[in-house]
A.B. asks: 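The structure is given below, and queries will be raised subsequently.
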Amino acid sequence: MNVADSDWLTRSLVSMGWEPAPLDEARIYIVNTCSVREKPELKLYSQLGRLAEQLERDPEAFVAVGGCVAQQLGPKLWNRFRMVRLVFGSDGVAGAPTALARLAAEPGLRLSLVDFTENYPERAVAFPDDALPAQAFVNIMQGCDNFCAYCIVPFVRGRQKSRKSAAVLAECRDMAERGVSEITLLGQNVNSYGLDAQGDGTSFAALLRLVADIPGVRRIRFTTSHPKDLPDEVIALYRDLPQLAPSLHLPAQSGSDRILKRMGRKYDSARYLELIAKLRAARPDIFLTTDLIVGFPGETEKDFQDTLALVEKAGFDSGFSFMYCDRPGVAAERMEGKVPLEVKSERLARLQTLLDTLKDRDLASRIGRETEVIVEGRSKIPGNGAVSWRGRDPAGRVVNFPHSGREDITGAYVTVKILKAKKHSLWGKAGERHD
Ligand code: SF4
């Protein structure tokens, strides 16, 4: 979501006549932040420290800080860092370009855009060039109402507000007319799209069908899904909607029913595995990934074993695992039974070993198959004399391949026969191109 926000902000500023500049030549710096874990927050402080030294030479240059850390700290940031003149949260992104223009014109002014709005804050259309890259993100909602015990998101992104379906579809149509063929619908909890007070009666399943009807849209992805809200209607679309990419990121977080309850996730491991079975029945080649937290307060070795068992049973193709860390204000911060760091590290290493084995197995299973790859750009892997390219198969796996033509094939769809599995990607031989 931060990548999508940064992309829009860049397009918007370029449409206003501003130019991107190298770090040592810029006059205005925009830092977009995340506070889901502690590390990115600490990175912000070290980055601002470096910028403070750099900007001593140019008193008119300034910094804008956006995203979740800006939402959390607000004007406290400019008390600590004199050169910060704008703070904006996720609802403030829409107003950031106008605020930046004001700040550039009025030295000495400082602005804060951290109030939550009641409705989804629509952003001005910003397409500086006629053509766009083939892949794009489209926001469908903002915020979250779930308050999972470990999560800071509802505090820094506000309560859930769905964007009107007409606005979502208009943006998708505009993008498709400018060459976008793969759209990723974004929201903190996309399966509850339309269920809040701002919903307009269009469910997430209905929205997926409407996006698929737009001429030029060849692949649709979405993220993120909460297992408690994934309805059968959406699962059935994996069977019925060819444009829906065969992949789903479904965060399980734990395999222990006791820990899932403490996390406030409102499903148990049996329900989770039932969803996995239904998804595989609807689309046997579906690529399933997940998020898992180790060392949530109170997690015992038995709870952790339940997580390993869930991973084995679900047979994920890949997964992301994290050590629990306290975030300010969340319910788990006040829970008893904090797990020592060395125990969390040891569990994380065991879980990652298992997830790596499953990923290797998935990549190896692709060898010998043909797949359709959307090309994202040049690959760094040498192509035996030819230029090599990097793209993604329908499931989202990275595929590299050499291509003999001289033209830029970014955005094209190419059939690739998979020859080799590497650690994180596949290597293949290009066949027919079909744009
Ligand atoms: S559903 Fe996701 S974003 Fe919302 S509180 Fe839970 S973990 Fe955070």
Side-chain angles (χ1 to χ4, degrees), residues 1-5 32-41 67-72 89-91 93 116 120 137 139-163 184-199 203-204 221-231 234 248-269 271-272 275 288-299 307 310 316 319-335:
M1 295 183 89
N2 270 7
V3 171
D5 288 349
N32 200 2
T33 62
C34 168
S35 62
V36 153
R37 288 184 292 146
E38 197 180 8
K39 206 167 155 198
E41 195 179 322
C68 295
V69 181
Q71 184 73 48
Q72 212 180 315
S90 51
D91 286 4
V93 178
F116 288 123
Y120 177 89
F137 296 114
N139 276 336
I140 66 167
M141 64 210 298
Q142 190 97 280
C144 180
D145 287 343
N146 285 317
F147 290 92
C148 300
Y150 51 82
C151 184
I152 197 170
V153 165
F155 302 94
V156 288
R157 287 200 168 243
R159 307 303 292 268
Q160 178 176 314
K161 39 193 180 262
S162 296
R163 188 178 179 193
T184 302
L185 301 177
L186 290 179
Q188 223 71 56
N189 184 15
V190 289
N191 287 292
S192 61
Y193 172 79
L195 300 179
D196 50 275
Q198 275 71 39
S203 68
F204 182 55
R221 304 184 185 283
F222 58 82
T223 196
T224 298
S225 286
H226 192 309
K228 82 173 165 55
D229 296 318
L230 180 64
V234 170
L248 180 67
H249 183 68
L250 193 62
Q253 307 300 11
S254 172
S256 154
D257 293 343
R258 199 178 69 82
I259 294 295
L260 285 170
K261 198 158 187 204
R262 277 168 76 80
M263 287 176 165
R265 293 288 287 176
K266 302 190 176 68
Y267 55 86
D268 59 15
S269 54
R271 166 77 184 138
Y272 186 89
L275 288 171
L288 291 169
T289 58
T290 196
D291 288 335
L292 295 154
I293 295 173
V294 299
F296 185 80
E299 185 189 77
T307 296
L310 179 99
F316 297 114
F320 303 91
S321 46
F322 309 92
M323 269 194 273
Y324 169 81
C325 70
D326 277 339
R327 303 309 294 125
V330 304
E333 191 192 14
R334 300 181 295 278
M335 284 182 184

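The figures here come from the full heavy-atom set of this structure, side chains too, leaving out hydrogens, waters and symmetry mates. Please read these numbers as outputs of a predicted model, since none were measured by experiment. Numbering of ligands and ligand atoms starts at 1, following listing order.
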A.B. asks: Have a look at ligand 1 and work out which part of N189, if any, has a heavy atom under 4.0 Å from it: side chain, backbone, both or neither.
C.D. replies: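 Looking at N189 and ligand 1, no heavy atom falls under 4.0 Å.
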
A.B. asks: Below 4.0 angstrom from a heavy atom of P154, which ligand 1 atoms are there? Numbered from 1 as shown, please.
C.D. replies: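 This gives 5 (S) as the contact atoms.
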
A.B. asks: I need the atoms of ligand 1 closer than 4.0 Å to a non-hydrogen atom of R265, numbered in the order shown.
C.D. replies: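 Close to R265: 6 (Fe), 7 (S).
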
A.B. asks: Look at C151 and state whether any of its N, O or S atoms is less than 2.8 Å from atom 8 (Fe) of ligand 1.
C.D. replies: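 Yes, C151 qualifies, because one of its backbone or side-chain N, O or S atoms lies under 2.8 Å.
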
A.B. asks: Specify side chain, backbone, both or neither for K228, according to which of its non-hydrogen atoms lie closer than 4.0 Å to ligand 1.
C.D. replies: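 Neither; nothing of K228 gets under 4.0 Å from ligand 1.
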
A.B. asks: Examine distances only and state if a side-chain atom of D145 and a backbone atom of Q160 form a donor-acceptor pair shorter than 3.5 Å.
C.D. replies: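 Looks like yes, one N/O pair under 3.5 Å.
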
A.B. asks: Under 6.0 Å between ring centres, would you say that holds for H249 and F222?
C.D. replies: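 Ring centroids of H249 and F222 are no less than 6.0 Å from each other.
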
A.B. asks: Report yes if the side chains of Y150 and I293 come closer than 4.5 Å at any heavy-atom pair, otherwise no.
C.D. replies: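 Y150 vs I293: side chains touch.
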
A.B. asks: Starting from atom 1 (S) of ligand 1, find the nearest protein heavy-atom neighbour and note its residue, name and distance.
C.D. replies: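 So the nearest neighbour among protein heavy atoms is N146 ND2, 3.4 Å.
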
A.B. asks: Show which atoms of ligand 1 fall inside a sub-4.0 Å distance from at least one heavy-atom site of F147.
C.D. replies: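 Those qualifying, in numeric order: 5 (S).
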
A.B. asks: Tell me, which protein residue and heavy-atom name are nearest atom 4 (Fe) of ligand 1, and how many Å apart are they?
C.D. replies: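 For atom 4 (Fe) of ligand 1, the nearest protein heavy atom is C144 SG, 2.3 Å.
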
A.B. asks: Report yes or no: do S35 and Q72 form a side-chain donor-acceptor pair below 3.5 Å?
C.D. replies: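 Side chains of S35 and Q72: pair found under 3.5 Å.
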
A.B. asks: Identify whether the distance between the nearest side-chain nitrogen and carboxylate oxygen of D196 and R159 falls below 4.0 Å.
C.D. replies: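 No.
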
A.B. asks: Could you list the atoms of ligand 1 found under 4.0 angstrom from a heavy atom of H226?
C.D. replies: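 Heavy-atom distances to H226 below 4.0 Å select 1 (S).
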
A.B. asks: Considering only non-hydrogen protein atoms, determine which one is nearest to atom 3 (S) of ligand 1 and report residue, atom name and distance to 0.1 Å.
C.D. replies: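 That would be Q188 CG, 3.3 Å.
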
A.B. asks: Could you tell me whether P251 approaches ligand 1 through its side chain, its backbone, both or neither, with non-hydrogen atoms closer than 4.0 Å?
C.D. replies: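 Under 4.0 Å from ligand 1, P251 contributes no heavy atoms.
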
A.B. asks: Which word best sums up how the rings of Y272 and Y267 line up, parallel for under 30°, tilted for 30 to 60°, or perpendicular for over 60°?
C.D. replies: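 Rings of Y272 and Y267: tilted, 30 to 60°.
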
A.B. asks: Provide the number and element of each atom of ligand 1 under 4.0 Å from a heavy atom of C148.
C.D. replies: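 Atoms satisfying the 4.0 Å criterion: 1 (S), 5 (S), 6 (Fe), 7 (S).
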
A.B. asks: R157: heavy atom below 4.0 Å from ligand 1, yes or no?
C.D. replies: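 Flag not set, R157 not near ligand 1.
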
A.B. asks: Y150 heavy atoms, cut-off 4.0 Å: which ligand 1 atoms fall inside?
C.D. replies: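 What qualifies from ligand 1 is 7 (S).
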
A.B. asks: How long is the gap from SG on C148 to NE2 on H226, to the nearest 0.5 Å?
C.D. replies: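 Reported value, rounded in 0.5 Å steps: 4.5 Å.
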
